[in-house]
Each structure stands twice: as structure tokens, then as C-alpha cells.
Amino acid sequence: MYRPVHISDSIYYVGVNDRRTNLFESQLPLPYGVSYNSYIIMDEKIALIDTVDVCFFESYSKKIEAAIGDRKIDYLIVNHMEPDHSGSIHLIREHYPDIRIIGNAKTIEMINGYFEITNNLQEVKDGDQLELGKHRLSFTLTPMVHWPETMMTYDITEKALFSGDAFGCFGALDGGVIDQTMNLDKFWSEMRRYYANIVGKYGVPVQNALAKLQGVEMNYICSTHGPVWKEQIEKVVNLYSRWSRYEAEAGVVIAYGTMYGNTGQMAEAIAEGVVAGGVKNVILHDVSKTDASFILSDIFNYTGLVLGSPTYMNELFPGVESLLRKIEVRQVKNRVFASFGSFTWAGVAIKRIAPVIEGLKWDVVGSVEEKQALKQEKYNECFSLGMEIANKIKG
Ligand code: FEO
């Protein structure tokens with residue numbers, strides 16, 4: 001029923017696809033599912049790298065058996081403790097009671113906290129190595145990509161980097177595992193959405209990790225989510241470098257809430273102005289229709305953001321407030337910004353947005369606020385604001 005899935009002669013893929021979960025971390029939609037990747041290195045000693053969500057243990061254990069037969073696993077290397085990867089640690093230990101679990105000091109503390117496991121643990125420090133026979137592994141601590149205990153394992157012999165969440169993406173694997181055997185179309189946007197929402201807060205730690213990887217030869221990047229990168233290594237490393245520096249393409253995201261359509265009409269007028277100003281990449285998002293994870297992904301991709309909100313109960317419209325908070329938490333940098341909104345009796349929305357954007361030190365072009373329905377004068381102001389943003393982005 002299961003067959004061994006080779007990455008190389010002695011590295012096997014034993015991950016699973018999750019096509020059932022609707023919301024990753026109970027908040028992020030998974031339209032294409034997600035994979036939880038785990039790997040085996042076969043040698044005189046056998047190492048298992050990370051596990052999978054515990055709900056998938058049954059098929060996971062069969063995949064392991066297909067790869068290693070009745071041999072025993074000697075080491076479980078834990079690169080990351082988030083439960084989508086650590087969830088099966090205790091069941092793996094039940095199957096392989098002599099297994100030695102490898103992690104850094106923070107990992108070991110978490111293994112104790114999550115599973116009350118205190119024996120057969122081996123602590124490694126940055127740069128430590130482990131011999132499996134022909135394969136020699138080296139451990140690199142990469143804290144906050146995505147949790148404090150995160151580390152990467154590099155197989156010096158095969159030049160394979162087991163990178164944890166880094167370079168991973170949403171999207172289950174549709175039959176293939178290595179990038180060169182697959183149609184990658186869905187993965188590029190899902191990789192950016194993954195980055196923006198999961199890792200996006202940690203730009204500096206990602207830069208630090210990339211600096212540690214500088215000059216390391218890689219035949220494979222084996223992440224915990226998405227395809228194994230072989231042909232596309234340069235591209236995915238460059239994407240991480242770009243996103244972690246908050247670099248973006250010329251373009252404008254216009255995200256807004258609208259209850260009766262008035263703020264929405266302002267969004268349309270601003271978009272017309274942006275296009276008239278010569279910027280082609282314009283994306284409008286109604287925050288009540290598009291999940292914030294997709295909007296954030298576009299905000300990571302484009303240099304301009306225009307945020308619009310009606311005044312609601314003397315505050316921001318809730319969907320806009322939530323999006324603004326997500327942007328603030330991720331400390332997105334270097335964006336051109338404008339705001340707009342409408343109200344019926346008291347205009348508050350713009351005032352609520354301003355201090356957050358000030359804190360991010362973005363380049364603020366201006367704002368437009370209308371009382372009740374959109375009228376010609378404010379339509380013109382919206383259009384002009386769009387043109388100004390376009391000029392700023394082009395300039
Ligand atoms: Fe895929 Fe941070 O776990």
C-alpha cells in the first residue's frame with residue numbers, strides 16, 4: 001500500500017498531506033491543504049527528522065515502515081516543536097522506545113513541557129555534529145524562524161538542508177515531492193502567504209538565518225511544508241531574502257471595509273487614480289470578503305497600501321482594525337500609505353489608523369474622508385490621492 005519515497009538513495013520522504021483542516025492554527029484558510037513533511041536518513045544509524053501532526057500518525061507510521069522495514073530508528077531530530085511537526089513525538093517513542101531525541105536546550109525544555117519526556121534526550125549546540133555512518137549532520141540554531149527553539153539540520157554528506165518551516169509553503173503535495181517533478185504554480189503564492197502570516201514578524205531572525213547559510217552548498221532544501229526544493233533553491237532563498245527585508249514590487253493594495261458601499265466607492269475612485277498615474281498592479285480587497293491572510297500576503301508583495309474604513313461605533317470597522325493590527329504585529333516596513341473612510345455623523349476611522357502607521361514610519365501620502373454618500377468633490381480627491389500614490393511609487 002505504501003512505497004518508499006526517495007529524495008536521494010538514502011534520504012526518504014515520509015510526510016503526509018492534510019486536505020481536511022480548514023484553518024491552519026485555527027485561523028488561516030487552507031484552500032489547497034498543507035503537507036507536514038518528515039524525512040528519514042538511512043545509514044548505519046537511522047535518523048528521523050521531525051514528525052507530523054498526530055492526527056496523521058497511522059499513515060505516517062506506515063510510510064516510515066515502507067522506508068525502513070523492520071529496522072529501528074536511532075535518532076529523532078527535532079528541528080521545530082510546533083505541534084504540526086512535534087505532534088507525533090510521543091507515539092514515535094512508543095514505537096521505537098530506544099530512540100534518542102536530539103534537540104537544543106530550548107527544544108528539550110519544550111519536549112518536557114508538551115510530552116513530559118525527560119530521558120533519552122540529547123542536547124546539541126550551534127555547530128554540533130552527529131555521525132550516522134557515511135552521513136554527517138550539522139546543527140544550526142535559527143531562533144525565531146519560527147519559534148525560539150527552531151534549528152536546521154544540514155546533511156554534510158548529501159548537502160541537504162532540513163530547514164524546518166523556513167522555505168515552506170501551504171499547499172498539499174499532489175503526488176510529487178521534489179520540485180522538478182511538479183507543477184509549482186499554486187505554491188508560489190501560497191509560499192508568500194505562508195511567509196507573511198507565519199514567519200513575517202521575524203524579518204531579522206530570517207536575515208540572521210540566511211547569513212548563517214551563506215556559502216553553504218545545497219543540493220536539496222527539505223522544508224517541513226510544501227515541495228522539496230532542488231531546482232528552485234536559488235529562487236526560494238532569494239524570495240526569503242527579499243521578504244525578510246520587506247522588499248516589494250511596485251503596486252498598490254487597497255483594502256477596505258464598507259457597510260453600505262460608500263467607502264467601497266471611494267476605493268474604486270482611488271484605484272482609478274492609481275492606474276491613471278501609471279501603476280498597473282492594483283488589488284482591491286473588501287476585508288469582509290477576503291480573508292486577511294491573503295490581504296497580508298499582497299501587502300508583503302506590493303509597495304503601496306491604501307486602507308479604508310467606515311467609522312463604526314465611533315471606532316474603526318472591525319475587519320479593518322483586525323487587519324491593521326496584523327500589519328502592526330508584523331512590523332511591515334517601507335510602504336507608501338494613504339487612508340480613506342466615510343461616516344454618517346462623526347468621522348473617527350482615519351484618526352484611529354494614523355498613529356499605527358506613524359509607528360511603522362511609513363511614507364504617508366494623505367487621506368480622504370467623506371460624510372455620508374460619496375460626492376463629486378471627494379471623488380476627485382480620491383482620484384487625485386490615487387495618482388499621488390502612483391507618482392510616489394514610480395518616483
Ligand atoms: Fe509548521 Fe511553525 O510549524
Side-chain angles (χ1 to χ4, degrees), residues 13-39 48-57 60 76-90 92 101-104 106-111 113-115 139-153 161-173 177 186-187 189-206 208-210 221-229 236 239-240 243-244 293 296-297 300 326 329-330:
Y13 178 85
V14 289
V16 297
N17 286 311
D18 180 355
R19 302 179 198 275
R20 294 184 302 197
T21 300
N22 283 322
L23 296 174
F24 190 78
E25 296 180 349
S26 293
Q27 51 184 329
L28 304 166
L30 291 172
Y32 305 108
V34 67
S35 69
Y36 309 120
N37 298 345
S38 171
Y39 304 91
L48 174 65
I49 301 183
D50 290 313
T51 71
V52 301
D53 185 305
V54 68
C55 301
F56 298 85
F57 186 77
Y60 177 52
L76 167 58
I77 295 164
V78 180
N79 282 332
H80 184 22
M81 274 300 292
E82 195 170 4
D84 50 336
H85 312 297
S86 70
S88 296
I89 286 178
H90 58 303
I92 284 289
I101 303 178
I102 310 270
N104 59 65
K106 289 194 171 101
T107 321
I108 284 170
E109 186 198 321
M110 289 183 189
I111 289 174
Y114 273 102
F115 302 110
F139 304 103
T140 302
L141 304 197
T142 53
M144 300 320 299
V145 187
H146 148 229
W147 277 15
E149 88 300 355
T150 312
M151 68 179 195
M152 297 187 190
T153 299
L161 179 72
F162 299 89
S163 62
D165 282 344
F167 314 113
C169 51
F170 294 132
L173 302 176
V177 172
K186 74 176 177 188
F187 292 108
S189 59
E190 284 295 82
M191 188 178 184
R192 194 180 67 233
R193 190 166 69 92
Y194 182 90
Y195 182 89
N197 287 277
I198 306 280
V199 193
K201 178 177 166 59
Y202 307 112
V204 171
V206 170
N208 293 340
L210 291 175
I221 293 180
C222 304
S223 167
T224 46
H225 299 288
V228 167
W229 303 114
V236 299
L239 285 172
Y240 258 61
W243 293 333
S244 61
S293 67
L296 264 180
S297 177
F300 267 75
K326 287 178 168 68
V329 163
R330 283 158 185 79

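The model shown is predicted, which means the values in this text are computed figures rather than measured ones. First listed ligand is number 1; within each ligand, the first listed atom is number 1.
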Do you see a donor-acceptor pair shorter than 3.5 Å between the side chains of Asn79 and Thr153?
-> yes

Residue and atom names of protein N/O/S atoms that fall under 2.8 Å from atom 2 (Fe) of ligand 1 | His80 NE2, Glu82 OE1, His146 ND1, Asp165 OD2

Is a side-chain N or O of Ser163 found less than 3.5 angstrom from the main chain of Ala166, in a donor-acceptor match?
-> yes

Steps toward side-chain hydrogen bond (donor to acceptor under 3.5 Å, both in side chains) verdict (Ser38, Asp50) = CA-CA 5 Å; Ser38 171; Asp50 290 313; over 6 Å; no

Tell me, do Asp165 and Thr150 make a side-chain contact under 4.5 Å, heavy atoms counted?
->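 No - every pair of side-chain heavy atoms lies 4.5 Å or more apart.
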
Tyr13: partners by side-chain hydrogen bond (donor to acceptor under 3.5 Å, both in side chains), with sequence neighbours left out |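 Listed in chain order: Asn37.
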
Taking the six-membered ring for Trp and the full ring for Phe, Tyr or His, determine whether the centres of Phe170 and Tyr32 are under 6.0 Å apart.
->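 No, the ring of Phe170 stays outside the 6.0 Å limit from the ring of Tyr32, centre to centre.
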
